[in-house]
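Data first, discussion second: the structure below is written as structure tokens.
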Amino acid sequence: MTGRPEVLVLRALGLGDLLTVVPALRGLRRARPADRLVLATAAALAPLARHTGAVDEVIDARPLAALPARAAGAALAVNLHGRGPQSTALLRATGPERLISYGVTARWRPDEHEVARWCRLLDEAGVPCDPGDLLLATPRLPSPAPGAVVLHPGAAHGSRRWPVPRWATVAAALAAGGQPVVVSGSAAEQPLAHELAARAGLAASTVLAGRTGVPQLAALVAAAPLLISGDTGVAHLATAFGTPSVVLFGPTPPALWGPPPDRPRHRVLWAGRTGDPQAEVPDPGLLEITPAAVLAAADAALRSAAR
């Protein structure tokens with residue numbers, strides 16, 4: 001990068017976190033079309049960030065770590081990372097001419113959908129955003145498993161991880177019905193994915209966990225007839241690409257992190273109970289969701305998509 005960023009945005013979090021601020025990023029792009037927009041986020045997300053059409057460059061950043069010197073001196077810095085004060089202080093330290101952040105230009109609301117939250121921050125600063133502007137163009141990269149239903153059993157915390165035996169029941173039933181199935185996940189989730197495949201009687205080759213970077217994962221989900229996952233980042237890829245999905249919610253209500261309710265191709269299963277999203281054991285509400293319920297939702301989603 002040469003020279004200072006005209007617009008510096010901080011969102012140094014995960015995959016789903018990036019996808020929920022796409023409408024906010026696009027609002028900034030429309031408001032400042034001639035300015036270079038630089039996003040401080042994980043380097044692994046750079047291809048997807050550029051794919052939004054709103055981001056010119058990415059600065060590799062870690063959560064709440066000091067930003068490099070080349071982030072200094074922006075005309076406008078925007079905190080899409082959190083409520084502060086730590087993230088706000090990080091941006092202040094870069095010496096921007098103007099700063100947009102919760103606690104500075106707007107008041108945080110705890111019970112607000114993540115997409116709406118960041119759009120409101122910018123709306124109140126004079127930058128109009130459309131919360132429905134979530135879709136991404138189909139990736140040019142080919143899918144590693146076109147036509148296969150994608151099961152994604154992992155999540156950052158145990159509270160959002162549905163038990164593997166239940167995932168295996170779903171996978172086995174789909175495969176028995178003639179539906180190709182693959183299992184996605186991170187490198188750290190490979191043991192989980194292989195256990196699922198073994199329990200379901202799937203070949204080891206169906207396990208893609210640890211074998212796809214962000215671009216390949218995006219291509220996989222974009223070309224899938226259906227994604228089944230917990231409340232985690234990959235679910236937001238299904239929203240972004242319009243892929244039918246069944247998303248299992250546990251401690252966090254879908255009203256805060258779920259797909260738009262006006263898009264029926266995305267089906268949400270939730271017991272209506274809240275809990276600790278950072279617990280390391282499955283949330284009691286998540287455990288109320290049965291394999292039969294997931295299979296019924298999956299069948300309905302596949303039939304609807306076929307029509």
Side-chain angles (χ1 to χ4, degrees), residues 10-25 39-52 55 58 60-63 80-82 113-115 117-118 134-136 139 141 143-144 149-162 167 182-190 192-193 196 208-224 226-260 263 266-270 277-278 283 286:
L10 177 63
R11 184 71 166 175
L13 297 167
L15 172 62
D17 303 285
L18 170 61
L19 292 169
T20 55
V21 298
V22 167
L25 291 170
L39 176 66
T41 193
L45 297 176
L48 191 61
R50 289 190 288 267
H51 191 66
T52 67
V55 175
V58 168
D60 187 23
R62 299 290 181 268
L80 300 184
H81 186 89
H113 192 282
E114 190 70 4
V115 174
R117 167 173 290 130
W118 304 111
L134 292 161
L135 293 177
L136 300 182
L141 191 69
S143 167
V149 170
V150 179
L151 302 189
H152 191 95
H157 297 281
S159 62
R160 291 183 279 133
R161 293 186 208 123
W162 204 46
W167 280 108
V182 294
V183 186
S184 64
S186 67
E189 292 165 346
Q190 280 184 320
L192 182 75
L196 189 165
L208 300 183
R211 296 165 52 195
T212 57
V214 171
Q216 293 79 18
L217 180 61
L220 173 70
V221 173
L226 177 67
L227 167 77
I228 307 176
S229 79
D231 169 25
T232 191
V234 72
H236 298 279
L237 278 177
T239 299
F241 294 119
T243 299
S245 63
V246 175
V247 186
L248 287 62
F249 278 80
T252 303
L256 300 184
W257 279 90
R263 301 183 190 187
H266 307 299
R267 297 165 189 265
V268 167
L269 299 179
W270 183 51
Q278 296 187 328
D283 181 77
L286 182 64

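Closest approach of Ala235 and Leu227 over heavy atoms only: CA-CD2, 3.8 Å. Between Arg160 and Pro251, the shortest heavy-atom distance links the atoms CG-CD, 4.0 Å. When every heavy atom of Val55 is checked against every heavy atom of Ala49, the shortest pair comes out as CB-O, 3.6 Å. Looking at every heavy atom in both residues, Phe241 comes nearest to Ala218 through CE1-O, 3.7 Å. The minimum heavy-atom distance linking Gly250 with Asp283 is given by the pair C-OD2, 3.5 Å.
Listed by chain and number, the residues in a salt bridge (charged side-chain N to carboxylate O under 4.0 Å, His left out) with Arg267 amount to none (sequence neighbours excluded). Partners of Leu141 according to the side chain to side chain contact (heavy atoms under 4.5 Å, CB included) rule, which considers only residues two or more places apart in sequence or in another chain, are Pro215, Gln216, Ala219. Residues passing the side chain to side chain contact (heavy atoms under 4.5 Å, CB included) test with His113, sequence neighbours excluded: Val115, Ala116. The salt bridge (charged side-chain N to carboxylate O under 4.0 Å, His left out) test applied to Arg62 returns Asp60, not counting sequence neighbours. Not a single side chain to side chain donor-acceptor pair (under 3.5 Å) links His51 to another residue, sequence neighbours left out.
Taking 4.5 Å as the limit, some side-chain heavy atom of Thr41 sits within range of a side-chain heavy atom of Val58. In this structure the side chain of Leu217 reaches within 4.5 angstrom of the side chain of Ser184, judged on heavy atoms. With contacts defined as side-chain heavy-atom distances shorter than 4.5 Å, the pair Leu286/Ser159 does not qualify.
Leu220 CG to Arg211 CZ: the interatomic distance, rounded to the nearest 0.5 Å, is 10.5 Å. For the atom pair CG of Leu39 and OG1 of Thr52, the computed distance is 8.0 Å after rounding to the nearest 0.5 Å. Separating the CG atom in Leu208 from the CG atom in Leu151 is a distance of 11.0 Å, to the nearest 0.5 Å. Here Leu237 contributes atom CG and Leu136 contributes atom CG; the two are 8.0 Å apart, rounded to the nearest 0.5 Å.
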- Derivation and outcome, side chain to side chain contact (heavy atoms under 4.5 Å, CB included), residues Leu135 and Arg263: CA-CA 12 Å; Leu135 293 177; Arg263 301 183 190 187; 4.0 Å; yes

- Criterion side chain to side chain contact (heavy atoms under 4.5 Å, CB included) on Leu226 and Val150, from CA distance to verdict: CA-CA 6 Å; Leu226 177 67; Val150 179; over 6 Å; no

- Message: Would Val268 and Phe249 count as a side chain to side chain contact (heavy atoms under 4.5 Å, CB included) here? Give the steps.
- Response: CA-CA 7 Å; Val268 167; Phe249 278 80; 3.7 Å; yes

- Yes or no on side chain to side chain contact (heavy atoms under 4.5 Å, CB included) for Leu269 and Val246, after CA distance, side-chain angles and deciding distance? CA-CA 7 Å; Leu269 299 179; Val246 175; 3.9 Å; yes

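Residue pairs meeting the side chain to side chain donor-acceptor pair (under 3.5 Å) criterion with at least one partner in residues 237-253, sequence neighbours excluded, are Ser245-His266. The stretch residues 226-238 participates, sequence neighbours left out, in no side chain to side chain donor-acceptor pair (under 3.5 Å) pair at all.
Arg161 places a side-chain N or O within 3.5 Å of a backbone atom of Ala155 that can act as its donor or acceptor partner. Within the 3.5 Å criterion, the main-chain N or O of Trp162 finds a donor-acceptor partner in the side chain of Trp167.
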Side-chain donor-acceptor pairs of residues 11-19 under 3.5 Å, sequence neighbours excluded:
residue, atom, partner, partner atom, Å
Arg11, NE, Asp17, O, 2.9
Arg11, NE, Leu80, O, 3.4
Arg11, NH1, Leu80, O, 2.6
Arg11, NH1, Glu114, OE2, 3.4
Arg11, NH2, Asp17, O, 3.1
Arg11, NH2, Thr20, OG1, 3.1
Arg11, NH2, Glu114, OE2, 3.0
Asp17, OD2, Gly14, N, 2.9

